[in-house]
Chemist: 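My questions all concern the structure below.
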Amino acid sequence: MRDPKKLTSDQLALGDMSPGDFRDAAHRVADLAADYLERLPAYDVLPKIAPGATRAKLPGAPPAAPEPLDAILADYRSIVEPYITHWQHPMFMAYFPSVASGPGILGEWLSATLNSNVMLWRNAPSSTELEEVVVSWLRQMLGLPQTFDGMFTDTASISSLLSIVAARHAVPGLAARDEGLSGRDGVGRLRMYASTEAHSSIEKAAIVAGIGRSGLRRIPADGEYRMIASALQEAIVEDRAAGWTPFCVVATLGTTSSTSVDPCEAIAAVCRRERLWLHVDAAYAGAAAIVPEMRPLLAGWEHADSIVVNPHKWMFTPFDASLLLFRTPETFRDAFSIVPEYLRTPEAGGVHNFNEYGIQLGRRFRALKMWMQIRWFGVEGVAARLRDHVRLAQLFRNWVDADPDWELLAPVPFSTICFRYKNGVDLDAVNAAILERVNAGGQVFLSHTKLSGTYALRVALGNPRQTDEHVARCWAFLKAAAAK
Ligand code: PLP
């Protein structure tokens, strides 16, 4: 594999790859990236690969001596690229979409080149201010009031964790930041609330924030998987009487299984009455607010104390990019800020030092890709694409609805459809077998969930490369699998 004649002089000296070599290599990598996007439809979305197969092709120990770029790129092409599950593929309809647009990829590439670590204004002035501007752009795109400020994090899991720690910090007299929660006299147990349909990240946040899994009370959902606001109210009253200290409610707008929308207006009213922090998890469906006629679906979220929307889900932004919006930035800052001597800068006070609002010191420069992407598509361009995903979802929904052998299992407010084949004795097993058969073909990738204990197939759309033809092919694969 190693051919010393193919090494460059940069590799044999000290120092990094020279700008000249970088330019040559970057052109080749740009070709590889464009070739990949061109080749994408020809790949099966799911590779034929057994566990351990990639590891077996790779040396167990790192190379002691430099290797030529040719060899590295050739291995990338033959060992890595063909054997990923292709998240970029239009036939990837599992989970939720996580797709990287062309301009987003370019922004990610430039951000890696600059390697700007957005922890303090001093060491990232234009990156910090670009983040402020792009957060404000996104807030406006979502139709949320100016009272929200925010920042980017890596994932919704972290955005929700930060919000729950901020909510905990806002509990009067608790002083958990300084005193912790364990072994203290006179401190009631904290209780937070989310529906039975809320994402597992909320439960993880409860674990990490010291609330514990039993401190998270699950509120029942109605027949359409939406939190029952009156049950929330009753639970809070019951908990207070039993000595708990309620402090936070998580409303999910676009749940992971069925994309149901909790009644945010009613939940916000409960939070107002009971003086509880309202965190809105709109990781997937929040993007729908960019489409003006869909905005009413999210009504009430403007009352939240914190909101998470993931551009890396339904806004074609390269992973990772989670938008965390908050109403009182000072609560986050008070909860997290620690400024040791080595982080003191003369501008402190007049500028945003983003590290003070969360756990991480070092932060990726995520605003650049978002900025490039929003400019390249324009807000109307983003909205048009989301609208088209909703159209495609309705198309698919109508095929299921019109077919006597299939049934819908939940409403379809956004771009995700939950359904099942309805002929057979053990329908859970029948549908699991259909999923297995469809995915085994490799040409479409679907996932499943359970709704009220019933096995449900899921088709999740949201890739700007998706067209009518892709959803029609998916439906044909499903019908063929069921016919067998
Ligand atoms: N919240 C909801 C509603 C989700 O559907 C998901 C993931 O699908 C998450 C949170 C977690 O997202 P992340 O992977 O960004 O942590």
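It should be emphasised that the depicted structure is a prediction, and the values quoted were computed from it without experimental measurement. The figures here come from the full heavy-atom set of this structure, side chains too, leaving out hydrogens, waters and symmetry mates. Atoms within each ligand, like the ligands themselves, are counted from 1 in listed order.
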Chemist: Could you list which atoms of ligand 1 come closer than 4.0 Å to a heavy atom of G254?
Modeler: 3 (C)
Chemist: What is the closest protein heavy atom to atom 11 (C) of ligand 1, and at what distance does it sit?
Modeler: H199 CE1, 3.3 Å
Chemist: Would you find more than 12 non-hydrogen atoms of other residues, nucleotides or ligands less than 6.0 Å from W244 atom CH2?
Modeler: yes
Chemist: How far is atom 16 (O) of ligand 1 from the closest protein heavy atom, and which atom is that?
Modeler: S157 OG, 2.5 Å
Chemist: Within a distance under 4.0 Å of any heavy atom of H312, pick out the atoms of ligand 1 and give their elements.
Modeler: 15 (O)
Chemist: Testing T454, V430, L451 for side chain to side chain contact (heavy atoms under 4.5 Å, CB included) with R420, which one passes?
Modeler: T454
Chemist: What part of A156 sits under 4.0 Å from ligand 1 if we count only heavy atoms: the side chain, the backbone, both or neither?
Modeler: both
Chemist: Against heavy atoms of T256, which atoms of ligand 1 measure under 4.0 Å?
Modeler: 2 (C), 3 (C), 4 (C), 5 (O)
Chemist: Of all the heavy atoms in D281, does at least one lie under 4.0 Å from an atom in ligand 1?
Modeler: yes
Chemist: Could you establish whether F96 and ligand 1 come within less than 4.0 Å of each other, counting only heavy atoms on the residue side?
Modeler: yes
Chemist: Check A283 against ligand 1 and report side chain, backbone, both or neither, counting heavy atoms closer than 4.0 Å.
Modeler: side chain
Chemist: Regarding E131 and R366, does a basic nitrogen lie under 4.0 Å from an acidic carboxylate oxygen?
Modeler: no
Chemist: Which residue owns the protein heavy atom closest to atom 8 (O) of ligand 1, what's the atom, and how far is it?
Modeler: K313 CE, 3.2 Å
Chemist: Flag the pair F419 / F396 as yes when their ring centroid distance falls below 6.0 Å, and as no otherwise.
Modeler: yes
Chemist: Would you say S322 contacts ligand 1, with heavy atoms under 4.0 Å as the rule?
Modeler: no
Chemist: Using the ring of each side chain (for Trp, its six-membered ring), is Y421 parallel, tilted or perpendicular to W406, with breaks at 30° and 60°?
Modeler: perpendicular
Chemist: Is there a side-chain contact between F326 and F148 (heavy atoms, below 4.5 Å)?
Modeler: no
Chemist: Anything under 30° is parallel, anything over 60° is perpendicular, the rest tilted; go ahead and classify H86 against Y43.
Modeler: parallel
Chemist: What part of D320, side chain, backbone, both or neither, has a heavy atom within less than 4.0 angstrom of ligand 1?
Modeler: neither
Chemist: Under 4.0 Å from a heavy atom of N310: which atoms of ligand 1 are those, numbered in the order shown and with their elements?
Modeler: 12 (O), 13 (P), 15 (O)
Chemist: So which of T255, I219, T449, T252 actually passes side chain to side chain contact (heavy atoms under 4.5 Å, CB included) with E197?
Modeler: T255
Chemist: Does any non-hydrogen side-chain atom of T467 lie less than 4.5 Å from one of L392?
Modeler: no
Chemist: N/O of S201 under 3.5 Å from N/O of ligand 1, yes or no?
Modeler: no
